Q: 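Have a look at the structure that comes next, please.
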Amino acid sequence: MNPSLPVAASLDAPDPVLERVLIEDTKNSSHGGERNFLAHQPILLDQVSKSFRGEVVSRSFSMKAANRNDENLENGMLERDIEKSVRSNKVVTVHNKALLSGVAYCISSCSMILVNKYVLSSYGFNAGISLMVYQNFVSVVVVSSLRVFGIITTEPLTWRLVRVWLPVNVIFVGMLITSMFSLKYINVAMVTVLKNVTNVITAVGEMYLFDKTHDNKVWTALFLMIISAVTGGITDLSFHAIGYTWQIINCFLTASYSLTLRRVMDTAKQVTKSGNLDEFSMVLLNNTLSLPLGILLILLFNEVDYLSRTPLLQLPTFWLVTTFSGLLGLAISFTSMWFLHQTSATTYSLVGSLNKIPLSVAGIFLFHVSTSLENSASILFGLLAGVFFARAKMQDKSQTRS
């Protein structure tokens, strides 16, 4: 509403004080004649002028006050509307970012395993170490490029930092290689179920190395994971002893990586210039140090001979898929940081557990895995046990903090 409209309306209306004076003067002039009117004319004009001036002054003050009140009222309403709009837009933006980061994390983590399975099984690529080295090389190139262009910052790789981090990196390389070997022989659904054994080993390691205790719900979930892994292996129609052996070794190496990382992280932070070691620095550090060790393992496992004979290296589509797998490995690190920043560790952990369900279903249908009702039930049981474990860990952490 325009604030000038009420004031303009009052100015156009007849003045009650001035109107009364004029009426009384008209009556006196009719009774006293012309001389009476002339005698009283100066007084009348003086009264009228005084009354008019006073009324104009009072009206000017009322106009200013009315304008101020209307402006204050409208400004207050406008500020409240703007505040509500900003708050609403902020909530929508935060929710959209959390949803977008969660979707990006789920897609990248699922796609990484499926693409690796496709390269190793569908293409029949028998050089898992070489695939790991190439993927890590792609990650080093991308992260280094982002650092050169000033998009991200990383800690410089000093000799002191390398010496501290080298034991962790050896386990890291072993973890990646055994994962490649097991994924070649085992279907994706069973890999996700068997990976739950890592949680059991980690929980036991935390108890002995860090004196950490877990409540009964956590141990119940871990027990259910063991049952699902055993029943899943027994009912697996495509059971492969070599693949299961590599996967068990991978579980021990993955748990060892997690436990060793906790011990080394504090020491590593002390030898950096900034006193901190973020995710980008760890990605660059791990992948850079893995390259010479990976090349050494390629020579030891004699993958050079296979690489010189395989026709896959002459296919552009093969290089496209393997490069994409390297980018996906890097995307997991970035999207996990983004998702964790937009939400909480609780949501991140729960989504990571739930994410295994569509991954297992996709692995069965995309690679035409032969399965039975008993094996499918074991897989579903193991996936639900993983979700139950994530919730139990959340409650365990909340009780420990309180």
Side-chain angles (χ1 to χ4, degrees), residues 106 109-129 131-132 174-204 218-258 301 325 328 332 352-390 392:
C106 292
S109 59
C110 287
S111 300
M112 178 66 180
I113 298 178
L114 295 175
V115 171
N116 281 343
K117 179 65 176 177
Y118 180 73
V119 173
L120 295 170
S121 296
S122 299
Y123 273 108
F125 190 64
N126 293 321
I129 302 175
L131 178 61
M132 182 271 297
M175 178 182 69
L176 294 182
I177 292 175
T178 53
S179 177
M180 294 286 188
F181 289 166
S182 66
L183 194 59
K184 180 176 177 59
Y185 299 103
I186 309 176
N187 65 74
V188 174
M190 279 308 305
V191 167
T192 57
V193 172
L194 293 173
K195 279 183 177 293
N196 286 335
V197 179
T198 303
N199 296 322
V200 180
I201 302 171
T202 304
V204 175
V218 173
W219 290 114
T220 302
L222 294 174
F223 180 70
L224 294 177
M225 289 179 178
I226 295 175
I227 294 177
S228 65
V230 173
T231 56
I234 294 174
T235 58
D236 188 4
L237 299 180
S238 58
F239 179 85
H240 200 290
I242 296 177
Y244 273 73
T245 302
W246 282 120
Q247 184 56 53
I248 292 173
I249 296 174
N250 176 261
C251 292
F252 278 96
L253 288 174
T254 305
S256 300
Y257 177 75
S258 176
F301 281 79
S325 66
L328 283 174
I332 292 176
S353 299
L354 293 172
N355 193 34
K356 294 179 180 179
I357 298 177
L359 173 62
S360 301
V361 175
I364 292 174
F365 284 99
L366 290 177
F367 298 102
H368 307 289
V369 177
S370 299
T371 182
S372 62
L373 180 61
E374 295 81 4
N375 185 248
S376 299
S378 300
I379 293 172
L380 179 61
F381 184 72
L383 296 174
L384 295 178
V387 177
F388 180 64
F389 172 76

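In this text the structure is predicted, and so the values were computed from the model without any measurement.
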Q: So, for Leu183 and Leu120, which heavy atoms are closest and what is the spacing to 0.1 Å?
A: CB-CD1, 4.3 Å
Q: Quick one: do the Asn196 and Ser228 side chains pair a donor with an acceptor below 3.5 Å?
A: no
Q: Just how far is it from atom SG of Cys251 to atom CG of Leu194, taken to the nearest 0.5 Å?
A: 6.5 Å
Q: If you measure from CE on Met112 to CG on Leu328, what distance do you get to the nearest 0.5 Å?
A: 6.5 Å
Q: Say you draw a straight line from CG of Leu384 to CD1 of Ile379; how long is it, rounded to the nearest 0.5 Å?
A: 12.0 Å
Q: Can you see which heavy atom on Val197 is nearest to which on Ala229, and at what distance?
A: CG2-CB, 4.0 Å
Q: Counting only heavy atoms not in Phe301, do more than 12 fall under 6.0 Å of its CZ?
A: no
Q: Within a strict 4.5 Å, meaning less than it, do heavy atoms of the Val387 and Lys356 side chains meet?
A: no
Q: When rounded to the nearest 0.5 angstrom, what distance separates OG in Ser325 from CD1 in Ile113?
A: 12.5 Å
Q: Could you verify whether a donor N or O on one side chain and an acceptor N or O on the other, from Ser376 and Thr371, lie under 3.5 Å apart?
A: yes
Q: Determine whether Asn126 and Lys184 satisfy the following criterion, side chain to side chain contact (heavy atoms under 4.5 Å, CB included), listing intermediate values before the conclusion.
A: CA-CA 9 Å; Asn126 293 321; Lys184 180 176 177 59; 2.6 Å; yes
Q: Check whether Lys117 reaches the backbone of Ser122 with its side chain - one donor and one acceptor, N or O, closer than 3.5 Å.
A: no
Q: Name each donor-acceptor pair under 3.5 Å that joins a side chain in residues 218-226 to protein atoms two or more places apart or in another chain, with its distance.
A:
| unit_1 | atom_1 | unit_2 | atom_2 | d |
| --- | --- | --- | --- | --- |
| Trp219 | NE1 | His214 | O | 3.4 |
| Thr220 | OG1 | Asn216 | O | 2.7 |

Q: What I want to check is whether the side chains of Ser360 and Thr192 have a donor and an acceptor closer together than 3.5 Å.
A: yes
Q: Would Phe367 and Leu114 count as a side chain to side chain contact (heavy atoms under 4.5 Å, CB included) here? Give the steps.
A: CA-CA 9 Å; Phe367 298 102; Leu114 295 175; 4.0 Å; yes
Q: Looking only at heavy atoms, what is the nearest atom pair of Ala255 and Thr202, with distance?
A: CB-OG1, 3.3 Å
Q: Quick one: are Asn187 and Asp236 in side-chain contact, heavy atoms under 4.5 Å?
A: yes
Q: Which pair of heavy atoms, one from Ser109 and one from Asn355, lies closest together, and at what distance?
A: OG-ND2, 2.7 Å
Q: Could you pull out all residues at least two apart from Thr231 that satisfy side chain to side chain donor-acceptor pair (under 3.5 Å)?
A: Ser378
Q: Could you give the distance from OG (Ser179) to CD1 (Ile249), rounded to the nearest 0.5 Å?
A: 12.5 Å
Q: Among Leu359, Ile357, Val361, which residue satisfies the side-chain contact (heavy atoms from CB on, under 4.5 Å) criterion with Leu383?
A: Ile357
Q: Is it the case that over 12 heavy atoms from other parts of the model lie below 6.0 angstrom from the CZ atom of Phe252?
A: no
Q: Heavy atoms only: give me the nearest Gly382-Val193 pair and the separation to one decimal.
A: CA-CG1, 4.5 Å
Q: In Å and rounded to the nearest 0.5 Å, what is the CG to CG distance from Leu131 to Asn116?
A: 5.5 Å
Q: Take Phe239 and Met190 through the test side chain to side chain contact (heavy atoms under 4.5 Å, CB included) and record every step on the way to the result.
A: CA-CA 10 Å; Phe239 179 85; Met190 279 308 305; over 6 Å; no
Q: Please evaluate residues Gln247 and Val191 with respect to the criterion side chain to side chain contact (heavy atoms under 4.5 Å, CB included), reporting the C-alpha separation (whole Å), side-chain torsions for both, the decisive distance (0.1 Å), and the verdict.
A: CA-CA 7 Å; Gln247 184 56 53; Val191 167; 3.9 Å; yes
Q: For Tyr123 and Tyr118, take the angle between the two ring planes, folded into 0 to 90°, and tell me which bin it lands in: parallel under 30, tilted 30 to 60, perpendicular over 60.
A: perpendicular
Q: Would you name the heavy atoms of Thr178 and Trp246 that are closest together and state the gap between them?
A: CG2-CE3, 3.7 Å
